Amino acid sequence: MAPCGAESVEFLDMAKVLTPQSEDFPRWYQDVITKAQLAENGPAKGSQVIRPSGYALWERMVEEMDARIKETGTENASFPLLIPESYFKKEADHVEGFAPELWMVTHGGGKQLEEPLAIRPTSETIIGEYMSKWTKSYRDLPLLLNQWCNVMRYELRTRLFLRSSEFLWQEGHTVHATYEEAHEFTLRILHEVYADFMENVLALPVLRGIKTEAERFAGALNTFGCEAIMRDGKALQMGTSHELGQNFAKAFDIQFLGSDGKQHHGWTTSWGTSTRMVGGLIMGHGDDDGLRVPPQLAPVQAHVMVVKDSDEVSAAAKKVYDELKGDGLRVRLDTRGDVAFGRRAVDAELKGYPVRIEIGPRDLKNGEATLVRRVSGTKETVPLGMLAEAVATALDADQQALFDESLELRESITADAGSVDEAIEAAQTGLARIAWDDCGVEGEARAAESGVTVRVLQRADGTVPDSLDESGLIAYLSRSY
RNA sequence: CGGGACGUGGCGCAGCUUGGUAGCGCACCCGCUUUGGGAGCGGGGGGUCGCAGGUUCAAAUCCUGUCGUCCCGACCA
């Protein structure tokens, strides 16, 4: 029966935990972060506190990304948080690009410092200094480094996970002997590390491409990026990979002796992804009931929940927990007897656990458990003996379902535009595709006035261009975070 | 940094117009009954009303400044 009358309306209001996405998306975003206890603002402007539920998501991202980064032969290291101001001045574009975002330490031990120290907004400069020391011979190359750390950028407008003054990230820095090697490595990171992780683990299809000059990293030759589409139709830059040419090699004197017996400048790259991806995960998959975390990423893949506490039920639940855990799944057992069923169910949905297994006296009597799937919202009863298999099947299917849903959304909001005006119009609610020749930097500047940016340029066949000099490129325009 | 809005227990808000010393819902604590979709009843704790000045016998309320948050723009992972 359709809900009607005052009682039903009141019920709906009470049942509503979050502001619906359709009503106010930014508010919804805030609500989920609060209700799922992911993060909150810190005392200093733009600072953020990441709570355990939010940090667990980041930790899983780190695990998956770190494995892929190491797969490329890159090693982790750690460089200082404080960077002498003079380092920034060595690369003209770089200092110009980052100057407005720098936090500067001017005092130490109660005394003014002789030279101010910048808190790293990114580490090209200080790592460049050491690359210079460590790169003596072509035998030292390629030098492949990465660090997981925090960085700080002064921000005027901040938003939890998406843009904060301090954030956590991974920054890779490499030196290669030739342009080709550096170029190839930049793209390898884009495809094999970033896009692979985002699509296969985060279940977010990403547009890969080259950034326009306006969107390029300060000091880079070319910037490549991965863009995901959020459920409100706006784009989010999920990661970037830069080929720096010899700009930093020249500024920091990164030279090596080649097999030809001559000195050569190295070719460097840098690439990064940050806690912003947590924001992308939230906005890319979340719905009106909360987060929907793809099974591959989920810190808790299966939530085993005792419905009514009793010795038999608890024992059965523990058995299921042990079995799933034995299968290598990330499982959480919820035997809380002092929190009502509904609250625990809603909480699990807010946190986005992919599957929930409810076990109560009724299930137990039938030798079953109830399997609730977060993505589809379906409930089914499964014989206990077949539970492990059913869970595994559900996790696989729902990982794919999230990806498909996101891809479908992207396709449904992508429109071809014949003119800049058409593109700006289409980009208000989605993704506009236009020939770069029909847009150009003039069109890009005009679009920017309407809050629309060129997210990425691709070749006509959807592959990633090697440079902006290629002809026949296609531009994707949209509003973005 | 420009334009707009807002800061009142943890969260969401009322009170401000017409100054008189703070209230509601949720959350929290205790007790009992409960647990298959945010449980019920009873009892209880917690706020110098963002901060700083000013006006006044008296300020959450009026004035000024400042800090912070949110939305829109410029800048960015």
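Quick caveat, the model's predicted, so the values are computed rather than measured. To find a chain, count down the sequence lines: A is the first, B the second, and so on, and within it residues start at 1.
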Q: Please evaluate the base of B/rG36 for a donor-acceptor partner in the side chain of A/R344 within a cut-off of under 3.5 Å?
A: no
Q. Rounding to a whole Å, what distance do you find between A/I282:CD1 and B/rA77:P?
A. 20 Å
(Q) Which residue is it: A/R231, A/M230, A/Q21, A/K234? I am looking for the one with a side chain to side chain contact (heavy atoms under 4.5 Å, CB included) to A/M283. (A) A/M230
Q | Between B/rA27 and B/rG20 - C1' atom distance, rounded Å | A | 32 Å
Q: Identify the nucleotide, in any strand shown, that forms a Watson-Crick or G-U wobble pair with B/rC11, with both distances under 3.5 Å; if there is none, say none.
A: B/rG25
Q: Rounded to the nearest angstrom, tell me the gap between atom OH in A/Y29 and atom C1' in B/rC70.
A: 14 Å
Q. Which nucleotide sits closest to the side chain of A/T370: B/rC76, B/rC70, B/rG36?
A. B/rG36
Q. Considering every strand shown, what is the Watson-Crick or G-U wobble mate of B/rC1 when both distances are under 3.5 Å?
A. B/rG73
**Q.** Euclidean distance for C1', B/rC72 against B/rG54 (whole angstrom)
**A.** 34 Å
Q: Can you tell me, in whole Å, how much space there is between the P of B/rC63 and that of B/rA5?
A: 14 Å
Q: Let me know the distance between OH of A/Y154 and P of B/rC76, rounded to the nearest Å.
A: 16 Å
Q) Do the side chain of A/E449 and the base of B/rG73 come within less than 3.5 angstrom through a donor-acceptor pair of N or O atoms? A) no
Q) Say you pick atom P in B/rC49 and the same atom in B/rA59; how far apart are they, in whole Å? A) 11 Å
Q. What distance separates A/R159 CZ from A/S164 OG, expressed to the nearest 0.5 Å?
A. 12.5 Å
Q) According to the interplanar angle, ranging from 0 to 90°, do the rings of A/F185 and A/H176 count as parallel (below 30°), tilted (30 to 60°) or perpendicular (above 60°)? A) tilted
Q. Rounding to a whole Å, what distance do you find between A/M198:CE and B/rA77:P?
A. 13 Å
Q) If you check the A/R356 side chain, which of B/rC76, B/rG37, B/rG36 turns out closest? A) B/rG37
Q. Just checking A/E215: base, sugar-phosphate only, or nothing, at a heavy-atom cut-off of under 4.0 Å?
A. nothing
Q. Side chains of A/L187 and A/H183: closer than 4.5 Å at any heavy-atom pair?
A. yes
Q | Donor-acceptor pair present, A/K379 side chain and B/rG36 base, under 3.5 Å | A | no
Q: Looking only at side-chain atoms of A/R343, point me to the closest of B/rU35, B/rA27, B/rA77.
A: B/rA27
Q. Taking the same atom, C1', in B/rU56 and in B/rG4, what whole-Å distance lies between them?
A. 32 Å
Q: Take A/K308 and A/V452, find for each the nucleotide of RNA chain B with the closest heavy atom, and name the residue whose nucleotide sits nearer the 5' end.
A: A/K308
Q: Look at the side chain of A/N41 against the base of B/rG68 and say whether a donor-acceptor pair falls under 3.5 Å; ignore hydrogens and angles.
A: no
Q. Looking for any heavy atom pair under 4.0 Å, which part of the strands does A/D363 touch: base, sugar-phosphate only, or nothing?
A. base
Q.
Once you apply a heavy-atom cut-off of 4.0 Å, does A/P26 come out as touching a base, just sugar-phosphate, or nothing?
A. sugar-phosphate
Q: Return the orientation label for the A/F252 and A/F248 ring planes: parallel under 30°, perpendicular over 60°, tilted otherwise.
A: parallel
Q) How far, in whole Å, is B/rA60 from B/rA77 if one measures between their P atoms? A) 46 Å
Q. Within the structure shown, what part of the strands sits under 4.0 Å from A/S164 by heavy-atom distance: base, sugar-phosphate, or nothing?
A. base
(Q) Closest approach to the side chain of A/T158, judged atom by atom: which nucleotide of B/rG37, B/rA77, B/rC70 is it? (A) B/rC70
**Q.** Counterpart base for B/rU55, defined by Watson-Crick or G-U wobble contacts under 3.5 Å
**A.** none
Q: Could you tell me which residues satisfy salt bridge (charged side-chain N to carboxylate O under 4.0 Å, His left out) with A/E213, sequence neighbours excluded, listed by chain and number?
A: none
Q: From the options B/rA77, B/rG37, B/rC71, select the nucleotide whose nearest atom is closest to the side chain of A/F217.
A: B/rA77
Q.
For the P atoms, the ones on B/rA39 and on B/rU66, what distance do you get once it is rounded to whole angstrom?
A. 47 Å
Q) Looking at B/rC75, B/rU35, B/rG38, which one has an atom nearest to any side-chain atom of A/L350? A) B/rG38
Q. Ignoring hydrogens and angles, are the base of B/rC76 and the side chain of A/R153 linked by a donor-acceptor pair under 3.5 Å?
A. no
Q) Does the cation-pi check pass for A/R153 over A/W169, that is, NZ or CZ under 6.0 Å from the six-membered ring centre and within 45° of its axis? A) yes
Q: Could you check which of B/rC72, B/rA77, B/rG36 has an atom nearest any side-chain atom of A/V307?
A: B/rG36
Q: Calculate the interatomic distance between A/E40 atom CD and B/rG10 atom P; express it in whole Å.
A: 11 Å
Q: May I ask which nucleotide in the shown strands pairs with B/rC49, Watson-Crick or G-U wobble, both distances under 3.5 Å?
A: none
(Q) Rounding to an integer number of angstrom, what distance separates B/rU17 and B/rG73 when you compare their P atoms? (A) 36 Å
Q: Using Watson-Crick or G-U wobble geometry with both distances below 3.5 Å, tell me the partner of B/rC32, or none.
A: B/rG40
**Q.** Whole-Å distance separating the CG atom of A/L160 from the C1' atom of B/rC70
**A.** 12 Å
Q.
OP1 or OP2 of B/rU35 versus the side-chain N and O atoms of A/R362: is any pair under 4.0 Å?
A. no
Q: Please work out if A/G337 contacts a base, only the sugar-phosphate, or nothing of the nucleic acid, heavy-atom cut-off 4.0 Å.
A: base
Q. To the side chain of A/R27, which of B/rC76, B/rA74, B/rG12 is closest?
A. B/rG12
Q | Residues A/T158, A/Q48; criterion side chain to side chain contact (heavy atoms under 4.5 Å, CB included); working and verdict | A | CA-CA 10 Å; A/T158 61; A/Q48 68 184 356; over 6 Å; no
Q.
Is there aromatic stacking of A/F341 on B/rG36 here, judged by a ring-centre distance under 5.5 Å and a plane angle under 30°?
A. no
(Q) Heavy atoms from C-beta onward define the side chain here; which of B/rG36, B/rA74, B/rA27 lies closest to that of A/A448? (A) B/rA74
Q. Are any of the side-chain nitrogens in A/D347 or A/R343 under 4.0 Å away from the carboxylate oxygens of its partner?
A. no
Q: Return the value, rounded to whole Å, for the distance between atom NZ of A/K35 and atom C1' of B/rA27.
A: 11 Å
Q.
Does the structure show a Watson-Crick or G-U wobble partner for B/rC6, both distances under 3.5 Å? Name it, or say none.
A. B/rG68
(Q) Please pick, from B/rA77, B/rA39, B/rC72, the nucleotide with the shortest atom-to-atom distance to any side-chain atom of A/A340. (A) B/rA39
Q. Between atom CG in A/D31 and atom P in B/rG38, what is the gap in whole Å?
A. 20 Å
